[in-house]
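Just so it is clear, the structure is predicted and the values come from calculations on it, not from any experiment. A, B, ... follow the sequence lines: proteins, then strands. Residue 1 opens every chain.
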Amino acid sequence: MVEFEVDGEPVKVFEGQTILDGLRKKGIDTPTLCYGETLRPANVCRVCVVEIEGARVLAPSCSRKAEPGMKVRTDSERVRHSRRLVLEFLASSTDLSTAPEAEAYCAEYEAAPERYGPPAPPDPDRDRKRAGHHLEPDGLTAATVYAPVKVDNELYVRDYSKCILCYKCVDACGDQHQNTFAITVAGRGFDARISTEYVVELPESACVYCGNCIAVCPTGALMFKSEHDLRAAGEWDAEGQTVTTTVCPYCGVGCNLDLHVQDNRIVKVTSPADHDVTQGNLCIKGRFGFQHVQGP
Amino acid sequence: MDIKLIDAEATAAERAALDHLLGPPTSSWEGGIRVPERDTRTAATGHAQRSRRHELLPALWAIQERIGWISPGAINYVCERLTVPPADAYGVATFYAMLSTEPRPSRVVHVCEDLACRCHGSQELIAQIEERFGGEGELSDDGSATWYRSPCLGQCDRAPAVLVSDASETPRESVLAPVTASTALAVLAGGEPPALVFPPLPQEDEPSLRLLRRVGRVDPVSLDDYRAAGGYAALRRAIELGPDGVLREVKDAKLQGRGGAAFPTGVKWEAVARQPARPHYLICNADESEPGTFKDRAVIEGDPFALIEAMTIAAYATGCELGYVYLRGEYPDAHRILGAAIDAARERGLLGEDVMGEGFRFELVIFKGAGAYICGEETAIFNSIEGFRGEPRNKPPFPVVEGVFSKPTVINNVETLVNVLEILERGGPGFAAVGTEASTGTKLFCVSGHVVRPGVYEVEFGATLRELLELAGGLAAGSELQAVLLGGAAGGFLRPDELDLPLTMEDARAAKTTLGSGVVMALDTTVDLPRFLQRIAAFFRDESCGQCVPCRVGTVRQQEALARLVNGHGRGDEVELIREIGQCMRDASICGLGQTASSAIESAIDRLGVFK
């Protein structure tokens with residue numbers, strides 16, 4: 001066991017566990033966005049940073065391993081400042097309307113994204129931005145990642161105006177879950193975006209429609225088409241939905257399915273992240289193969 | 001090969017470019033013609049096939065240099081050859097500014113718009129090109145040439161500068177510096193780029209030079225000249241001392257890294273030498289991209305064998321058998337000269353299986369960067385070499401434990417490494433006798449801007465900024481110093497009344513500034529400081545890798561706030577906002593780029609009183 005100190009109180013975690021593990025054990029509420037239970041920490045959003053005594057800069061609690069005797073502060077002015085600014089940066093550049101967690105963090109940290117100016121309109125050329133070049137801003141609007149929604153298949157929708165570039169979808173599509181490698185982070189800096197090769201549409205890419213990227217997306221940038229369409233029609237009713245856990249009938253692996261049902265129709269399918277078999281992952285059949293249940 | 005390809009075919013020229021680098025494909029499993037009796041009874045898949053990712057960036061370069069851009073068909077063939085998913089290859093290709101995934105003509109003129117060139121008319125140059133040729137990215141009449149703005153090209157001692165990339169079967173890159181608008185326009189019209197004239201070292205006749213003592217005085221590609229001028233005595237001495245003896249001398253010398261972070265080199269070397277995991281790797285960080293920095297280029301162009309010898313010693317002391325020189329892509333002359341020197345050293349048994357007949361192996365390769373300041377960050381270099389996007393890694397683990405290919409890695413700047421020769425020749429304590437107690441030895445400074453004789457200067461640690469500026473001839477008669485940018489875009493400004501600052505690591509730290517990479521850029525009163533700051537802000541926005549939120553968005557918000565101040569649309573809270581953004585970038589960014597992205601701008605506010 002490793003013993004260290006959090007806000008003046010001792011906490012013990014197993015060797016190899018992170019500061020975040022310790023914080024959760026202590027019940028200290030810590031915001032996270034790019035962190036995923038089933039993925040290796042990308043530690044890119046920096047909203048979970050904490051102050052470690054003696055360190056020059058703040059540390060991401062999600063990835064920093066706990067060390068004996070470490071003195072961690074989660075409530076210092078520096079910590080609150082960075083968390084607030086990170087949330088402001090995201091809220092001023094990204095559409096967080098389907099990311100209730102992020103919105104709650106913004107309220108908690110009194111983030112004021114409006115002080116950076118009114119958001120700039122969507123950029124249809126965002127996918128083709130060249131690394132190392134940009135148009136000089138006038139400062140009258142705040143640059144955003146807004147871009148047209150991508151609807152290029154029947155199963156799911158990609159709305160990268162909502163993307164906070166947490167890397168989770170890329171990691172889930174790549175060597176951490178699916179090993180399909182259909183998507184990547186392309187471009188650089190503020191113009192970095194999730195893309196297929198040469199921005200080809202999903203049906204032409206390597207995508208196998210497992211939907212495991214949707215499962216890990218923290219902001220709703222990746223969404224079931226069924227959910228997207230209901231939201232567009234103003235009929236999405238998360239409160240009125242029931243979730244039924246069942247076992248996927250297609251093969252013998254035994255994946256658990258959580259069927260999200262609204263008005264007696266399946267509107268999306270997930271799998272519990274803590275399920276031994278799936279770790280939240282499914283294949284196209286389990287994820288999307290439910291139409292026959294409600295077919296004519 | 002089990003990857004889904006794009007629906008596009010590589011052209012014969014694209015295939016030839018890649019085959020020239022990798023050799024012809026051995027089977028249809030890696031993109032060759034299918035020969036049933038050969039290819040149907042074997043399968044080339046699995047780890048062995050997927051272990052070629054580190055060849056990705058060189059492969060993309062091969063296409064870029066031959067064709068001028070990387071087409072979907074070309075990426076397809078790269079991916080077939082190396083078993084890399086096309087999406088991944090596209091992510092890497094779009095990361096680097098010198099690679100293009102959109103059609104580009106064979107000739108591209110990269111026009112520096114960065115800090116030092118601004119002091120020497122680059123904005124007027126760009127205005128002339130815009131007026132007489134056309135805007136950025138527009139094509140010449142015959143469609144064979146275009147131009148783009150570029151960040152610092154590392155030619156600040158002969159500003160303004162352009163870099164001409166000619167894609168062809170015999171690709172060529174040429175630096176034109178100093179360049180006039182008429183020359184740039186002639187090149188854009190298809191004219192032959194004039195040969196670069198290497199200016200002499202400003203301290204040419206100074207007998208006390210150490211690191212620069214051979215630069216400009218010996219033929220840089222002649223091994224005989226190098227040996228006649230004392231070359232390879234240090235390696236001989238290192239072998240006498242043995243690896244532990246070398247480590248002891250380097251520690252006794254108290255050598256600190258010259259790349260900006262000033263980490264004790266001996267400590268780094270010893271940590272790698274003691275790592276049980278094998279192999280160990282050595283990397284020379286020659287991705288010198290800090291605006292205003294050109295010292296490493298001067299050393300490589302003028303004395304490449306010194307770097308090769310120093311790296312051989314470092315490898316010997318730390319147990320490395322393979323070394324990389326990660327050289328920035330904008331340095332064609334350094335690449336050519338260093339490449340020739342490495343070949344010559346290998347031919348004479350000074351690199352290879354049995355160095356100097358002493359029974360140790362060391363091979364050295366040049367890895368060409370592709371236009372990304374962030375790849376000067378040590379862990380970003382690892383990702384770049386491994387064929388991933390040049391995004392920094394979180395530390396810990398530190399490079400001495402897990403560096404390139406997840407193995408213990410020594411990574412040092414060019415200048416740091418060449419100091420090792422001095423240490424072995426003079427002994428550690430002898431080396432430490434020069435300079436100050438805490439900053440030992442001599443330091444190279446890149447003096448540029450409005451001084452009479454810009455160039456690389458070598459002075460002992462402890463010389464004052466005033467003395468250094470006087471060495472460079474001071475400012476031209478009639479002009480008045482406004483400020484000095486010390487340490488580059490990631491450094492800070494000093495006022496004219498602060499010139500008595502002794503140039504040491506400790507004095508700089510005490511004065512809340514940094515020597516950084518040794519940039520000393522003198523700005524006279526003609527410089528429009530707010531516009532100058534805007535360029536710094538634009539630089540960081542362009543060069544942020546985009547991985548972490550504080551830097552990805554912070555650099556943009558910082559630039560927007562500056563724009564409001566400069567354009568007179570301020571809302572009154574901009575200076576405070578810049579400080580708040582700076583604090584977050586400094587505290588919460590993953591790497592040094594974000595952590596220093598506001599330092600020059602904040603120092604201009606604090607020390608120079610800009611926007612007061």
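With chain B as the partner, the residue from A:A206, A:S205, A:P137 showing the most heavy-atom pairs under 4.5 Å is A:P137. Between chain B and the options A:L90, A:V170, A:L33, the largest number of non-hydrogen pairs under 4.5 Å is found for A:L90. The candidate with the highest count of non-hydrogen atom pairs below 4.5 Å against chain B, out of A:V47, A:D138, A:V49, is A:D138. Of all the listed residues (A:A59, A:S63, A:S92, A:A192), the one sharing the greatest number of non-hydrogen pairs under 4.5 Å with chain B is A:S92.
Contact of B:P151 with chain A is not made at all, since no heavy-atom distance falls under 4.5 Å. At a 4.5 Å heavy-atom cutoff, the contact between B:R586 and chain A is made by backbone atoms alone. Neither the backbone nor the side chain of B:T555 comes within less than 4.5 Å of any heavy atom in chain A. With a threshold of 4.5 angstrom between heavy atoms, B:E391 approaches chain A through side-chain atoms but not through N, CA, C or O. Proximity to chain A (any heavy atom under 4.5 Å) is shown, for B:I70, by both the backbone and the side chain. For chain A, the nearby part of B:Y96 is the backbone; its heavy atoms alone come within less than 4.5 Å. With a 4.5 angstrom heavy-atom cutoff, A:T196 touches chain B only via backbone atoms. Both the backbone and the side chain of B:I581 come within contact range of chain A, with heavy atoms under 4.5 Å apart. For chain A, no part of B:D7 is nearby; none of its heavy atoms comes within less than 4.5 Å. If you measure heavy-atom distances from B:A537 to chain A, you find no contacts under 4.5 Å at all. When heavy atoms are compared at a cutoff of 4.5 Å, A:I183 approaches chain B solely by way of its backbone atoms N, CA, C and O. Heavy atoms of A:P60 lying under 4.5 Å from chain B belong exclusively to its side chain. Contact annotation for B:A561: neither backbone nor side-chain heavy atoms come within less than 4.5 Å of a heavy atom of chain A. Of the two parts of B:E102, only the side chain, counted from C-beta on, holds a non-hydrogen atom closer than 4.5 Å to a non-hydrogen atom of chain A. In this structure, chain B has a heavy atom under 4.5 Å from the backbone of A:A182, while its side chain stays farther away.
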*Please step through side chain to side chain contact (heavy atoms under 4.5 Å, CB included) for the pair A:I164 and B:V549, ending with a clear verdict.*
CA-CA 8 Å; A:I164 59 167; B:V549 176; 5.9 Å; no
*Verdict with supporting geometry, B:R552 and A:L165, side chain to side chain contact (heavy atoms under 4.5 Å, CB included)*: CA-CA 10 Å; B:R552 178 176 79 231; A:L165 214 70; 3.4 Å; yes
_B:Y90 vs A:V199, test: side chain to side chain contact (heavy atoms under 4.5 Å, CB included). Steps then yes/no._
CA-CA 9 Å; B:Y90 181 74; A:V199 208; 3.7 Å; yes
*asked:* Show, in sequence, the C-alpha distance, side-chain angles and deciding distance for B:R557 and A:E88, and conclude whether the side chain to side chain contact (heavy atoms under 4.5 Å, CB included) test is met.
replied: CA-CA 10 Å; B:R557 295 291 177 255; A:E88 286 182 352; over 6 Å; no
*For the pair B:E576 and A:R115, evaluate salt bridge (Lys or Arg N to Asp or Glu O under 4.0 Å) and give the outcome as yes or no after the intermediate values.*
CA-CA 12 Å; B:E576 186 47 35; A:R115 65 183 177 139; over 6 Å; no
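Under the 3.5 Å distance criterion, the side-chain polar atoms of A:R188 are matched with a main-chain donor or acceptor of B:D542. A donor-acceptor pair is defined here as one N or O able to donate and one able to accept, closer than 3.5 Å; such a pair exists between the side chain of B:R389 and the backbone of A:V185. Put simply, the side chain of A:E197 never gets that close to the backbone of B:A89: no donor and acceptor are under 3.5 Å apart. Side-chain N or O atoms of B:K4 include none that pairs as donor or acceptor with a backbone N or O of A:C207 at under 3.5 Å. A:R64 contributes a side-chain N or O that, together with a main-chain N or O of B:K395, makes up a donor-acceptor pair within less than 3.5 Å.
In this structure, B:P550 and A:L85 have side chains that are not in contact, with every pair of non-hydrogen atoms separated by 4.5 Å or more.
Shortest non-hydrogen contact noted between B:A87 and A:F181 is CB-O, 3.5 Å. A pairwise comparison of heavy atoms in A:R46 and B:C548 identifies CG-CB, 3.9 Å as the closest pair. In terms of heavy atoms, A:Y198 sits closest to B:I6 at CD1-CD1, 3.9 Å. The two residues B:G91 and A:T184 make their nearest non-hydrogen contact at CA-OG1, 3.6 Å.
Taking CD of B:Q547 as the start and SG of A:C45 as the end, the distance is 11.5 Å to the nearest 0.5 Å. Atom CZ of B:R149 sits about 8.5 Å away from atom NE2 of A:H133, to the nearest 0.5 Å. Here NE2 of B:H569 is found 5.0 Å from CG of A:L140. Values are rounded to the nearest 0.5 Å. To the nearest 0.5 Å, the span separating OG1 on B:T94 from CZ on A:R130 amounts to 13.0 Å. To the nearest 0.5 Å, the span separating CD on A:E136 from CZ on B:R541 amounts to 9.5 Å. A distance of 12.5 Å separates CD1 in B:I3 from OG1 in A:T180, rounded to the nearest 0.5 Å.
At most 12 non-hydrogen atoms from other residues, nucleotides or ligands lie less than 6.0 angstrom from CD of B:E9.
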